[in-house]
Amino acid sequence: MKKETIYLSLAMLAMATTPCNAQSEEIKDSTLHLEEVTISTTRMPEIKQNAAATVTIIDQKQIAEMSKSAPDITHLLGMLTPGMALSSNTTSSRAQSLRGRSALILIDGIPQSTPLRSTDRDIRTIDIAAIDHIEVVKGSTALYGNGAIGGLINIITKKNTTNKAIAGETTLSGSTYNFFRHGKGQGYRINQQVYGRVGQFDYLVNGAFGRTGSAIDGDGKFISPRYGLGDTYTTNVLVNLGYSLSPKNRIELMYNFYRSLQDTKLIPFGGKYLQSPSIGIIGNKDPQAVDEGTRYNHNAYLKFTSKDIFKHTDLEASVYGSGIYTIFDFRKANPAQPRWEETSGQSAVKDHKFGFRTQFNTRLIFSENAFARLAYGYDYLYNKTSQPLVDGRYWMPWLTSNNHAPFVQMKTTLWQHLNVKLGGRYDFINVNVPDYDVLRNKLSDPQVQVKGGKLKYNNMSFNVGISYNKYPAFQPFVAYSQGFSIFDLGRTLRAAKADVLSKISTEPVKTNNYEIGAYSNIGNWLQLNGSFFYTYSKLGSDLKIENGFWVVNRTPQKVYGVEFSADARLTNNLKAGANFSWLEGKIKSASGEWDTYMSNISIPASKLSMYVNYTPIRNTYIQLQYLHTGKRDRFSPNAAGIYQEGEGPINRINLVNLTAGVKLKVCDLSLAVSNLFNYTYYTPSSMLMARNAEYAHGDGRKVTLTAIFKY
């Protein structure tokens, strides 16, 4: 291979770092055409088969199809991502783990996860209408720092994809449960998008507004509104602006606003675990309660990219900020299980972030058969979080952290087909904790006054991986990676029993992830991917109940499992695919044996998802999607027949969704029917929680009609 050819190949790969049309066009319809897809979440643009990791790409076509029947990102990720638990069908993503652990959620690289105090809402921080594609990198990683002990989920927002001065589309949709039967449950969505390019300037503005109807199960009953997705109104505004200063230099500005609040006339009623579901009935909520949900989530960045700022070196530098305010459900004072000094209340989480990233990508040529890419730089993140009650009391005081992190990642290609990745990141995190009083459950409890101070976390994370891609039909990889997380520090601090910060167990969770797998592309009509993974941590991150509150179980843990996925073009008008995942998690007991299972909150049941897409005639399509989950029954009830929270048995689920569409001259029309056979079932999260109030059915048959006008 000539050096000129090597330079050209590397230059073409480097173009993937630019946030412009080429990457969006490449990802579009990747499932349909089974193309190789370039990812950027690994901090160095590369074909996913060469990433030495299991990567799932959810492209624009898949997002558009799924949004017609389930316009919620938690459903989309649960259905399409092997190794990820299903959506809880609520606003909470507490039980939606990735490979048995928490994932770091990013929007265009901006962290949505809040490690100082988890919101359990970090997945539901953007509307599906603003998303271009999603990159999911599985397994522990510290590429973006604290939090990714299960993997990374990077949500990439939409950008301009045309050279026209102005273009756009309008989407209108309406939904109802069970073909308008019972005359309830109607919802609607409106999305308006305008984009274009004028000279060196390009832009995209996208606005979405929607309101769901009251959620109804397969028996025609209202589903409990507790943390519910029914009767919610959602607003999202995305602005993405770019300007090419020269052929090699570009600046880009992105801003996204998201709001999702519940406004319902329903109140929870009934619910008996393993006997009857909690439902919604018409009633008056407590006058002290306010609408629950995310009041706001702001995300913005300003980015500068430069190709060949130095010889064979590209630069990407960005500053970003975010702010979220989310309110949880109202809890009425309960003498049997008192909270917050025996009073009613409603808690919230407020979180603000500011950060910057500076990254260089250098192309190194050693010989015709040896060349490399080197990514190196420095990240900084300032984070400030609190958990107040709506009435002004603080359950967790304002915590602030400063995170400094240099990193380096190198990928060397030998003999054109052997790729060796090696890298590391060192995080310096200082968390400032003020003096605070622990908010008691009972007024008769002793008052704990904690002397604040500074917590310091210094962590080195290392990764290495090897992939081989000479033969498209068999492209194996093996990898080892480390990750770490201070994992919901505020949950530990708000339940402190000690009066001095140094006496509270606040050590971070450190994980070691081992993985072996392979990609396969057979005849450009069939793509396969399979992997086996094993993750170990000396300190655990599973949740357990103590005195009615979730706390972190710090005992050693191991998680292991397998994943498979397949996509095939069977004929010119017929394609099909499937994905399967199974995993298990164990905790080391005091005896030193791995004889205790991790809770169902972390470890979901096995999952199988399949689809068939058929084009009977030109400009039409029909898609069937099938979802099956297995059982997970690892725990026994106590002598009174009561399961510990998080340990309830999970039963099998079988769901079928149907989507059909036609492209007309004036618009694209589609009809989507989720839960086609109106199957009545309990959601996995409601089964595992083993709580009467959360024992709720999933949605019944839901019909959505969508019209898209493009111009």
Side-chain angles (χ1 to χ4, degrees), residues 72 74 88-94 112 114 116-127 187 208-215 222-237 257-269 271 278-298 322-334 337-352 384-398 439-441 490-491 494 548-550 691 693-694 696:
D72 187 272
T74 61
S88 65
N89 202 40
T90 68
T91 56
S92 174
S93 57
R94 176 181 299 163
Q112 304 303 295
T114 53
L116 297 180
R117 176 62 187 98
S118 175
T119 64
D120 293 324
R121 305 292 188 275
D122 44 359
I123 299 178
R124 294 192 77 253
T125 50
I126 188 171
D127 189 81
F209 179 80
R211 183 177 177 89
T212 63
S214 300
F222 290 122
I223 298 172
S224 170
R226 189 170 187 267
Y227 290 152
L229 297 178
D231 293 320
T232 60
Y233 59 93
T234 301
T235 304
N236 198 102
V237 177
F257 168 80
Y258 174 79
R259 171 184 290 152
S260 180
L261 295 173
Q262 186 183 67
D263 180 17
T264 182
K265 296 180 180 179
L266 301 176
I267 58 173
F269 177 78
S278 177
I279 62 173
I281 61 173
I282 303 295
N284 296 318
K285 65 182 181 182
D286 193 288
Q288 301 177 67
V290 300
D291 289 344
E292 72 166 86
T294 299
R295 291 287 179 92
Y296 61 76
N297 185 37
H298 300 282
S322 69
I324 188 170
Y325 177 32
T326 190
I327 300 175
F328 304 109
D329 66 324
F330 180 80
R331 299 294 179 92
K332 198 166 183 64
N334 181 358
Q337 194 178 82
R339 303 169 69 92
W340 307 317
E341 301 172 330
E342 301 177 77
T343 65
S344 302
Q346 200 165 1
S347 72
V349 168
K350 293 183 177 181
D351 178 87
H352 305 287
K384 183 178 181 181
T385 312
S386 71
Q387 185 172 19
L389 301 184
V390 172
D391 61 21
R393 291 175 291 173
Y394 276 88
W395 198 3
M396 184 198 81
W398 280 103
L439 194 59
R440 296 171 292 181
N441 297 341
R491 189 184 292 276
R494 76 183 192 187
F549 293 94
W550 294 107
R691 290 175 171 174
E694 295 184 25

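Along the sequence shown, residues carry numbers from 1.
- T114 contributes no side-chain N or O that, together with a main-chain N or O of L116, makes up a donor-acceptor pair within less than 3.5 Å.
- In this structure, CH2 on W340 lies 8.5 Å from CG on L439, to the nearest 0.5 angstrom.
- Rounding to the nearest 0.5 Å gives a distance of 3.5 Å between CZ of R393 and OG1 of T343.
- For the pair S386 (side chain) and P397 (backbone), a donor-acceptor distance under 3.5 Å is absent.
- Counting only distance, with no hydrogens or angles, the side chain of D127 and the backbone of N236 share no donor-acceptor pair below 3.5 Å.
- Under the 3.5 Å distance criterion, the side-chain polar atoms of R211 are left unmatched by any main-chain donor or acceptor of G187.
- Annotation: cation-pi geometry not satisfied between R124 and Y258 (NZ/CZ under 6.0 angstrom from ring centroid, within 45° of ring axis).
- The two residues T385 and V349 make their nearest non-hydrogen contact at CG2-CG1, 4.0 Å.
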Notebook entry, point to check: After noting the C-alpha distance and the side-chain angles of T90 and S88, does the key distance pass the side-chain hydrogen bond (donor to acceptor under 3.5 Å, both in side chains) rule?
Noted result: CA-CA 5 Å; T90 68; S88 65; 2.6 Å; yes
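- The shortest heavy-atom contact between S344 and F330 is CB-CZ, 3.5 Å.
- Between D263 and K285, none of the side-chain N atoms (NZ, or NE/NH1/NH2) sits under 4.0 Å from a carboxylate O, so this pair counts as no salt bridge.
- For Q346 (side chain) and V290 (main-chain N/O), a donor-acceptor pair under 3.5 Å exists by modelled atom type.
- Between the side chain of Q387 and the main chain of R117, no donor-acceptor pair closer than 3.5 Å is present.
- Using bins of under 30°, 30° to 60° and over 60° for the plane-to-plane angle, the ring pair Y233/F209 lands in the tilted bin.
- With no hydrogens or angles considered, a side-chain donor-acceptor pair links T264 and D231 at under 3.5 Å.
- Taking the side chain as every heavy atom from C-beta outward, I281 and I267 approach each other to under 4.5 Å.
- The two residues I223 and L266 come nearest to each other via the heavy atoms O-CD1, 4.5 Å.
- In terms of heavy-atom proximity, S224 sits nearest to A693 at OG-O, 4.3 Å.
- The closest donor-acceptor contact from the side chain of S214 to the backbone of F222 lies at 3.5 Å or more, if one exists at all.
- Taking CZ of R226 as the start and OG1 of T91 as the end, the distance is 9.5 Å to the nearest 0.5 Å.
- If you take NZ on K332 and CZ on R339, they are separated by 14.0 Å, rounding to the nearest 0.5 Å.
- Note that OG1 of T212 is 9.5 Å distant from CG of D72, once rounded to the nearest 0.5 Å.
- When all heavy atoms of E292 and F328 are compared, the closest pair comes out as CB-O, 3.7 Å.
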